[in-house]
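The residues of the chain are indexed from 1 along the displayed sequence.
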Amino acid sequence: KPDALTLVIFGASGDLTRRKLMPALYLLYKAGRLPRRFAVLGMARTSYDDDRFRTSIREGLLSFVRPDEVDEKAIQAFLSCLHYLSADPSEPEAYAELKTRLEEIDRTIDNPHNYLYYLATPPLLYGVIPRHLKAEGLNREGDGFRRIVVEKPFGYDLSSALELNRIYLDAFREEQIYRIDHFLGKETVQNILALRFANSVFEPLWNRNYIDYVEITAVENMGIGTRGGFYDGVGTLRDMVQNHLAQLLAVTAMEPPAAFDASGFRNEVVKVYQSLTPLTGEDIRHSVVRGQYMASEGRKGYREEEQVPALSRTETYLAMRLELNNWRWGGVPFYIRTGKQMPTKVSEIVIHFKSAPYSLFRCEGGTCPLPNRLVIRIQPNEGIVLRLGMKKPGEGFEVLPMDMDFSYAELGRLPTEDAYARLIEDCIAGDPTLFIRSDAVESGWRFFDPILKYWQDVPECPLYGYPAGSWGPLEADSLVARQGASWTNPC
Ligand code: BG6
């Protein structure tokens with residue numbers, strides 16, 4: 001970890017900064033895990049000065065940091081590291097001002113020009129900021145380092161992602177670019193790697209010979225809240241699927257990396273995306289179900305949300321079947337789904353193993369022989385559940401499904417800092433392992449882009465309504481029913 005650093009946050013008066021970045025930074029600060037000489041320079045159009053900025057961040061910390069982590073002395077000390085520059089990041093002139101402010105701060109904290117730029121802005125600015133940084137020479141490394149962190153969605157489709165990569169690589173080297181996906185910062189997502197590669201029992205079974213199909217679910221019980229303006233131009237495919245669900249797919253399906261480092265891990269992620277069987281129009285019609293929530297039982301419909309057009313066709317739900325064309329997974333369907341306004345908030349992966357070839361016993365209320373399944377719960381109640389068949393005590397020989405349940409909390413106190421803290425710390429330390437490399441962005445988009453194109457070119461392609469608070473359109477049930485299965489709906 002460097003001794004000194006200035007973190008520049010573009011979009012410093014926005015929601016992401018208040019809700020996620022500042023609480024994460026505060027927790028790192030409090031735990032002594034930030035560089036000793038540290039400053040934040042927030043930049044945004046809102047006309048704050050340092051004091052007003054600090055007051056607004058303080059309010060945010062009080063709302064978004066867990067009460068047992070609130071420590072007034074630590075908050076005050078943390079706030080004194082924060083500075084603010086009121087300027088429009090889309091204007092080239094703002095960057096001369098930025099440079100001057102950075103030099104002033106460098107002098108105060110004795111920083112040898114180590115800068116980490118964090119883009120917490122609307123996606124429209126993702127292509128603009130690196131160009132302006134370059135024009136002002138703020139990308140050039142001399143005695144200090146320069147790194148840039150950019151939020152998702154990285155690109156709107158394949159061609160804009162290619163263009164963004166071009167812009168970033170024109171101003172920075174790949175090792176300086178940190179494309180963030182906070183799902184990879186989650187302890188339990190990283191634990192999938194430990195489960196798979198720190199144990200020998202699963203690996204021999206982790207393939208087409210023993211696995212029947214895989215479900216990946218990341219659903220939420222909230223609507224889009226006040227984010228209508230952003231969300232309506234994006235939709236679930238760009239907001240959740242192309243990034244978060246694709247990461248979950250990658251860690252579930254990847255080969256063991258040669259080494260757990262930035263190239264070993266990320267090479268395997270790319271191979272997963274490159275193995276995705278491309279979807280034809282016919283596949284998209286049959287294997288992708290999109291939906292939009294409708295008003296139900298006191299919950300608003302999507303089209304009634306603030307800043308959402310009354311006839312919007314933006315999807316808030318997506319379920320799809322995909323396959324990987326490789327030796328490990330050939331023929332094994334992966335069902336993924338995500339949606340807003342579902343009955344609960346849960347992210348989990350369910351590995352369905354093939355049944356034993358023949359049943360010697362009777363099974364209570366279920367298919368016999370009982371198929372084993374492994375549930376990897378990412379959130380909440382983080383843990384792992386292995387379903388086994390066990391003899392029912394007493395007369396006869398009847399088999400019951402029993403869950404062997406491991407709760408992640410048993411490993412000790414769950415880390416209080418969230419995914420953002422972990423990832424910010426990695427950027428500061430210069431470790432890009434858990435960030436998305438340019439080739440992963442491109443190979444991911446190559447797979448998902450035809451779906452967006454198809455929806456655009458075939459406007460009659462259905463967008464199914466589903467009642468807010470339900471498990472999504474019934475058509476998604478038919479998707480897995482073809483497999484003779486049903487979705488595992490967690491309670
Ligand atoms: C964000 C999406 O990236 O992830 C949101 O933009 C979504 O729409 C959120 O709600 C879900 O993340 P988490 O960590 O709360 O599951």
To the nearest 0.5 Å, what is the distance between CE (Met22) and CD (Glu59)?
-> 13.5 Å

For the residue pair Tyr26 and Phe78, categorise the inter-ring angle as parallel (less than 30°), tilted (30 to 60°) or perpendicular (more than 60°).
-> perpendicular

Any donor-acceptor pair under 3.5 Å linking the side chain of Trp487 with the backbone of Ala476?
-> yes

Salt-bridged, Arg422 to Glu425, with N to O below 4.0 Å?
-> no

When rounded to the nearest 0.5 angstrom, what distance separates OG1 in Thr316 from CE in Met342?
-> 7.0 Å

Donor-acceptor pair, Gln242 side chain versus Phe448 backbone, under 3.5 Å?
-> no

Side-chain donor/acceptor of Asn114 to backbone N/O of Ala4, under 3.5 Å = yes

Charged N-O contact under 4.0 Å between Lys30 and Asp71 | no

Around Arg140, counting heavy atoms of other residues, nucleotides and ligands shown, do more than 12 lie under 6.0 Å from its CZ?
-> no

Salt bridge Glu268-Lys271, side-chain N to carboxylate O under 4.0 Å | yes

So Glu141 and Gln176, side chain to side chain contact (heavy atoms under 4.5 Å, CB included) or not? Walk me through it.
-> CA-CA 10 Å; Glu141 293 191 309; Gln176 295 173 279; 3.3 Å; yes

Distance col, row Leu7:CG vs Leu34:CG, nearest 0.5 angstrom, shows 9.0 Å

After noting the C-alpha distance and the side-chain angles of Tyr29 and Phe38, does the key distance pass the ring-ring contact (aromatic ring centres under 6.0 Å, His included) rule?
-> CA-CA 9 Å; Tyr29 179 87; Phe38 175 74; 7.3 Å; no

In terms of side-chain geometry, is the basic nitrogen of Arg19 or Asp15 positioned less than 4.0 Å from the acidic oxygen of its partner?
-> yes

Listed by chain and number, what are the side chain to side chain contact (heavy atoms under 4.5 Å, CB included) partners of Glu175, not counting sequence neighbours?
-> Arg173

Determine the sole option in Leu79, Ile57, Ile9, Leu21 for which the side-chain contact (heavy atoms from CB on, under 4.5 Å) test with Val40 is passed.
-> Ile9

Single hit among Tyr126, Trp445, Tyr168 for ring pair (Phe, Tyr, Trp, His ring centres under 6.0 Å) with Phe154 | Tyr168

Residues Tyr95, Leu133; criterion side chain to side chain contact (heavy atoms under 4.5 Å, CB included); working and verdict = CA-CA 7 Å; Tyr95 291 74; Leu133 287 170; 3.9 Å; yes

Test side chain to side chain contact (heavy atoms under 4.5 Å, CB included) applied to Pro92 - qualifying residues, sequence neighbours left out = His132

Dump the intermediate steps for side chain to side chain contact (heavy atoms under 4.5 Å, CB included) on Leu276 and Leu324, then the final yes or no.
-> CA-CA 4 Å; Leu276 282 162; Leu324 292 165; 3.6 Å; yes

For Arg303, all residues meeting salt bridge (charged side-chain N to carboxylate O under 4.0 Å, His left out), sequence neighbours excluded = none

So, the side chain of Ser56 versus the backbone of Arg52: is there a donor-acceptor pair under 3.5 Å, distance only?
-> no

First locate atom OG1 of Thr277, then atom CZ of Arg321, and finally report the distance between them rounded to the nearest 0.5 Å.
-> 9.5 Å

May I ask you to say whether Asp239 pairs ionically with Lys152, meaning some side-chain N is under 4.0 Å from a carboxylate O?
-> yes

Polar side chain donor-acceptor pair, Thr217 to Tyr335, under 3.5 angstrom | no

Residue pair Tyr273 / Ser443: nearest heavy atoms and the distance that separates them = CB-OG, 3.6 Å

Donor-acceptor pairs are to be reported for all side-chain atoms of residues 247-260 against protein atoms at under 3.5 Å, with residues two or more places apart or in another chain.
| from | atom 1 | to | atom 2 | distance (Å) |
| --- | --- | --- | --- | --- |
| Thr252 | OG1 | Leu248 | O | 2.6 |
| Glu255 | OE1 | Arg328 | NH2 | 2.9 |
| Glu255 | OE2 | Arg328 | NE | 2.7 |

Output all residues satisfying side chain to side chain contact (heavy atoms under 4.5 Å, CB included) with Arg147, sequence neighbours left out; order by chain, then residue number.
-> Leu116, Phe145, Tyr178

Presence of salt bridge, Glu72 and Arg58, under 4.0 angstrom | yes

Distance under 6.0 Å and angle within 45° of ring axis: Arg146 vs Tyr117 = no

Of all heavy-atom pairs linking Val385 and Arg377, the shortest is CG2-NH1, 3.5 Å

Would you find a donor on one side and an acceptor on the other, under 3.5 Å apart, between the side chain of Ser347 and the backbone of Ala218?
-> no

With sequence neighbours left out, the residues meeting side chain to side chain contact (heavy atoms under 4.5 Å, CB included) with Pro309 are Asp232, Ser312

Atom pair CG (Leu98) and OH (Tyr115), whose distance is rounded to the nearest 0.5 Å | 8.5 Å

Looking only at atom types and distance, does a side-chain atom of Glu69 sit under 3.5 Å from a main-chain N or O of Leu27, one as donor and one as acceptor?
-> no

Looking at Lys99 and Glu136, what are the two nearest heavy atoms and their distance?
-> NZ-O, 3.4 Å

For the residue pair Trp206 and Trp329, does the interplanar ring angle fall in the parallel (under 30°), tilted (30 to 60°) or perpendicular (over 60°) class?
-> perpendicular

Shortest non-hydrogen contact from Ile109 to Leu5?
-> CD1-O, 3.7 Å

Any donor-acceptor N/O pair, Thr17 side chain to Gly11 backbone, under 3.5 Å = yes

Distance, nearest 0.5 Å, that separates CD of Gln379 from CD of Glu220 = 8.0 Å

